[in-house]
Amino acid sequence: MKIIELSKVFVKGDQKHRLSNINMSICSGEKIALIGANGAGKSSLISAINGTLKVDMGNATWHGSDLSKLKPRQRLQIATIWQDLRLIEELNVIQNINSGALGYHNFIWSLLNIFSPIESDLCLSYLEAVQLPKELLYKPLKELSGGQLKRVALRQKANLLLADEPIANLDQILLKEIIELLTGKKKSNSIIIPETVLISIHDTNLINSFTRVIGLYEGEIIIDKPTNELDLSELNSLYH
Amino acid sequence: MKKIYLNHTTLTFFPSLAIIPVFIAFLRESHSGGFEIVSDFFIAIIYPSFNHVVIESAWRGLQVTLCTALLSWIFSTSIGIMLAVISSNVFWKAFDIDESVGVFIRRCLAIPRAIHELVWGLLLQAFLGLSPLIAILAISIPYTAIVSRVLSDQFDSISQDNLIAIKQTGSRPLSTFITASINKMIPIIINYGGYRLECSLRSATLLGVFGLGGIGTELQLSFQSLEFREMWTSFWMLGLLMLGLENIIALFRNKFLSKATLSWKSLRNLIITLFVIFIFSLTWLRVLDINLFTDISWHHITIPSVIDFWQASLELEWIRLITGTLLLTFLSAGIAIGIPPITMMLVPTRLGIKLQSCLWTFLRLIPAPISAMILLLCSSPSIAVAALALGIHNLGVMGRLLKEGIDQQNNNLFNAIQASGANSNSTWLYAKLTVQSRSYLAYAAYRMDVLLRETAVVGLVGGVGLGWQLQESLSSFYWAQVILVIITFISMTIIGETISDRFSRYLLNSKSPIGIALKP
Amino acid sequence: MSKELNIPVRYIPVTSYPATVNAFRTKSLDLVWFGGLTGVQARLQTKGSKVIAQRDIDERFHSVFIANTSSNLTRIKSIEGLRVLKGKRFTFGSESSTSGRLMPQYYLQKAGVKTTDFKGRVPGFSGSHDATIALVQSGSYQAGVLNEKVWESNLRRGRINPSKVIVIWKTPKYHDYHWLAQGNLDKRFGKGFTEKLKNTLLGFNKKVPNQRKILNLFQANRFIPSNSSNYNNIERIGRQLKKIR
């Protein structure tokens, strides 16, 4: 079933298009790796899919509704892990983990979380899944290492998970584990694995965890095929 | 056992606890006896006087007030910036000199700040005679100290880390200081400087009573005789001027700050513009037949002896005065600081914020004595009425500061949280307020200072506190008592400042969570 | 006045009581229309200054105590009757006003009512006579006191609702407002100048249109001579109530 559909999407940039004539769809259950050099438009594509970047031309829809006009209840289905993490420095670890789940709760719960963080099962299971020690829960963010912060940012649950290079700075073993976790290759009963994921990555060695690869070059999709049909040498064309 | 966590965001909400007792007390004593006059007041808003005499004198007054405001604004911000530099810790650190020098200068600057501009006006006038210059000095002296305090705090909070890094490259102290702070400070200075113009305008209005004329005199005269329609003619003019200036400044600020890097050329243009405004205001006052430099000469008063001071201190009911002042300050601060985040959080829509912003402008426009009068017509006198009057006037200021901070925030976090499906209230709370809360609390601490001094102006609710006592002593020309009360104000300001400094440092550096345990 | 005196005369409005006194003391103003108390304060602080005139009505000035009808306060027969104000919410006018504060406080004290006897332990200071009327009429304050002239003019203009606010007592007469001039005017403008100034003021006449306008603004028929001894009583009371040091 198609959940996301982009057709003839253009996004203007300062000099050239940030996204140019993008035609793609995402079906439920796909695990997509998004590959491209710096500035190829990976972040723009992710922002267009989560609706925070309004497209200048073309259609971008989620189950048929315009992505930039989704209701909160619909947005809940799409989670994003941002390149710059976008955590709330003022709040501590548990509050930040909870802030990924604001959409599932009412406003009173959000307010309570500011005053007295709520140690939900969900929040504890995330911590376990990303292998953070429980002692960190009440630490302010500024006391965490870069790698720990990234793991805090992996806090969301949704049908479609978008992640913008979430894994730089993590050590290799953990990196692999997290990718496997996000793509559902490694089963974990403590965390709800999103059905569908789209992750932008740098390290092409990781693509085996994915079912499909999309390659971006200067705002255009030049590769889009299942991983098992991909010749690794094709990827080189993305990096010059 | 549940714990409540203290962070800047939760602290932002605590002041609002004051709302409950104040509103209960106000409503319990409320009555409808003043309905006619209060409705006259509100009807006059849409029905101001168009009598040409009224309009003409208000128009002249407006020009005088604007020039006074511009002059005192330029004085106080330019000197304030210089004092901010030398009272910041980083400046002295750049020279490898102990930062206690900065602390010392900061504490000294608490003295001019602790005295309300109206009181400065009376004191200066007692020594120098009646001159239009008095109003400008009376505004500039405390404002310079306020600007320097706010900006030196900003210098310190911004440049600390940079400084160490740059210093290691071995550059000279002064250039170290400049590189460490200038790029981040210029936008802050420009934002804050712009905001000070409106403050100057409000104070210049208040100081119309010193023979300088100005729209304040018109307002006061029509208010004293309850001619609300005439009063609103002046208010409308003043309000439009305030809005106009706000927009000009916003326009200018956006233009100036839109460039990625600040060039020396644009900085130079800024200084030239200010200089032109300065000369222009002086000339304009001259055209209005006001010469700033007449009638200044020194007139000393007999200095009170130790016995006078002793006698004066015995006549004061210290405990009642100080507790009254503190209570009034805390209650009004609670309203001023606590309400804007809550209302913005509850109605964070574009229209909602716009409406709130208009309401804040209205509240800032009405001086506390006038709102006190209107509130007092609805409820019997109590400290709640006084706190409410002071609180809502300053609420307008706090709301503006909060909104301005938020407007300049980038939208990344907001987009992220909104995209995660959070409702609009939660999104505002997490993406806007949490980010602003630290600087909002800093402004809140400065506002406490202001409120402490402003307790002077709500005497009609029943003389409460030191501010009122100061007016009484001044009007009795009892200098020994005046000096004592002023010293008390200064001490309270310094103590308050020390406590808030310590507390904010504690909050910033605390390694472990700070929690208040609540019994289950 | 400029025409009569042959010198430029400039009107400077100063609306704060203590600011006016300071301005006179520092010789920034030469001739000031003072209230009773502030006039005495200014004269005592300024050597040589002279009282030169007052209005015809200032010889027999009165304050009126007013009360909201719901407070159940009724007309008071004698000064002792003021004691009924104990425990009521009560407001004065401005803190330096003679008719709105000083004299009323004196009579209250004479009747044995201290300012701490009012409800809330402090009296209010409404800031102006008109405000006193409004606040008492609204019921926020149960009683208050103000300048009789302001009460009368409000009554004439229909701004008073007699079913809500009534006069409960009128004080005995006392001297109030007056013109106070610097003592050095003769030296600066020539011998006999002060006298000339005084005569100009006293010569104001309702038959001359311009002067009628001025006198009407002053609510007076004419100005009459006055001298400092008329204000000895105010000075004594001022000292007693610690408004004069």
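These numbers come from the heavy atoms of this one structure, side chains and all, not from hydrogens, waters or symmetry mates. Just so we're on the same page: letters track the sequence lines, and every chain starts at 1.
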Atom pair [atom1] ([X]) and [atom2] ([Y]), whose distance is rounded to the nearest 0.5 Å:
{"X": "C/Lys243", "Y": "B/Ser473", "atom1": "NZ", "atom2": "OG", "answer": "8.0 Å"}
{"X": "C/Ser140", "Y": "B/Met373", "atom1": "OG", "atom2": "CE", "answer": "9.0 Å"}
{"X": "C/Gln137", "Y": "B/Leu377", "atom1": "CD", "atom2": "CG", "answer": "10.0 Å"}
{"X": "C/Thr20", "Y": "B/Gln125", "atom1": "OG1", "atom2": "CD", "answer": "7.5 Å"}
{"X": "C/Thr26", "Y": "B/Trp298", "atom1": "OG1", "atom2": "CH2", "answer": "12.0 Å"}
{"X": "C/Tyr141", "Y": "B/Leu376", "atom1": "OH", "atom2": "CG", "answer": "5.0 Å"}

Proximal component of [X], with respect to chain B [non-hydrogen, under 4.5 Å]:
{"X": "C/Lys164", "result": "side chain"}
{"X": "C/Leu241", "result": "neither"}
{"X": "C/Arg239", "result": "neither"}
{"X": "C/Gln45", "result": "side chain"}

Could you tell me whether the side chain of [Y] reaches within less than 4.5 Å of the side chain of [X], counting heavy atoms only?
{"X": "B/Gln224", "Y": "C/His129", "answer": "no"}
{"X": "B/Ser476", "Y": "C/Ile244", "answer": "no"}
{"X": "C/Lys242", "Y": "B/Tyr478", "answer": "no"}
{"X": "B/Arg320", "Y": "C/Val122", "answer": "yes"}
{"X": "B/Glu317", "Y": "C/Arg121", "answer": "yes"}
{"X": "C/Asn22", "Y": "B/Phe127", "answer": "no"}
{"X": "C/Ile12", "Y": "B/Leu130", "answer": "yes"}

Could you tell me which non-hydrogen atom of B/His31 sits nearest to which non-hydrogen atom of C/Gly139, and how far apart they are?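 That closest heavy-atom pairing would be NE2-C, 4.0 Å.
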Minimum heavy-atom separation for C/Asp130 to B/Leu226, with atom names?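 C/Asp130 and B/Leu226 have their closest heavy atoms at O-CD1, 3.5 Å.
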Region of B/Ser475 that comes under 4.5 Å of a non-hydrogen atom in chain C: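 Both backbone and side chain.
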Sort B/Gln471 into side chain, backbone, both or neither according to what part of it lies under 4.5 angstrom from a heavy atom of chain C.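 For B/Gln471, the contact with chain C is made by backbone and side chain together.
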Electrostatic pair C/Lys119:B/Glu29 at N-O distance under 4.0 angstrom: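 No, no charged N to carboxylate O under 4.0 Å.
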Go through the steps to decide whether B/Trp468 and C/Glu95 satisfy the test side chain to side chain contact (heavy atoms under 4.5 Å, CB included), and finish with yes or no. CA-CA 10 Å; B/Trp468 177 250; C/Glu95 82 270 14; 4.0 Å; yes
Just wondering, more than 12 heavy atoms not from [X] lying within 6.0 Å of its [atom1]?
{"X": "B/Trp318", "atom1": "CH2", "value": "yes"}
{"X": "B/Trp59", "atom1": "CH2", "value": "no"}
{"X": "B/Ile319", "atom1": "CD1", "value": "no"}

Report the option among C/Ser96, C/Gly120, C/Ala134, C/Ser70 that has the most heavy-atom pairs separated by less than 4.5 Å from atoms of chain B.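 Winner by heavy-atom pair count: C/Ala134.
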Would a distance-only check, ignoring hydrogens and angles, find a side-chain to backbone donor-acceptor pair under 3.5 Å from C/Ser138 to B/Gly34?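 Between the backbone of B/Gly34 and the side chain of C/Ser138 there is no qualifying donor-acceptor contact (under 3.5 Å).
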Evaluate the side chain to side chain contact (heavy atoms under 4.5 Å, CB included) criterion for residues C/Arg245 and B/Asp308: first the C-alpha distance (whole Å), next the side-chain angles of each, then the deciding distance (0.1 Å), finally the verdict. CA-CA 11 Å; C/Arg245 296 278 168 175; B/Asp308 292 336; over 6 Å; no
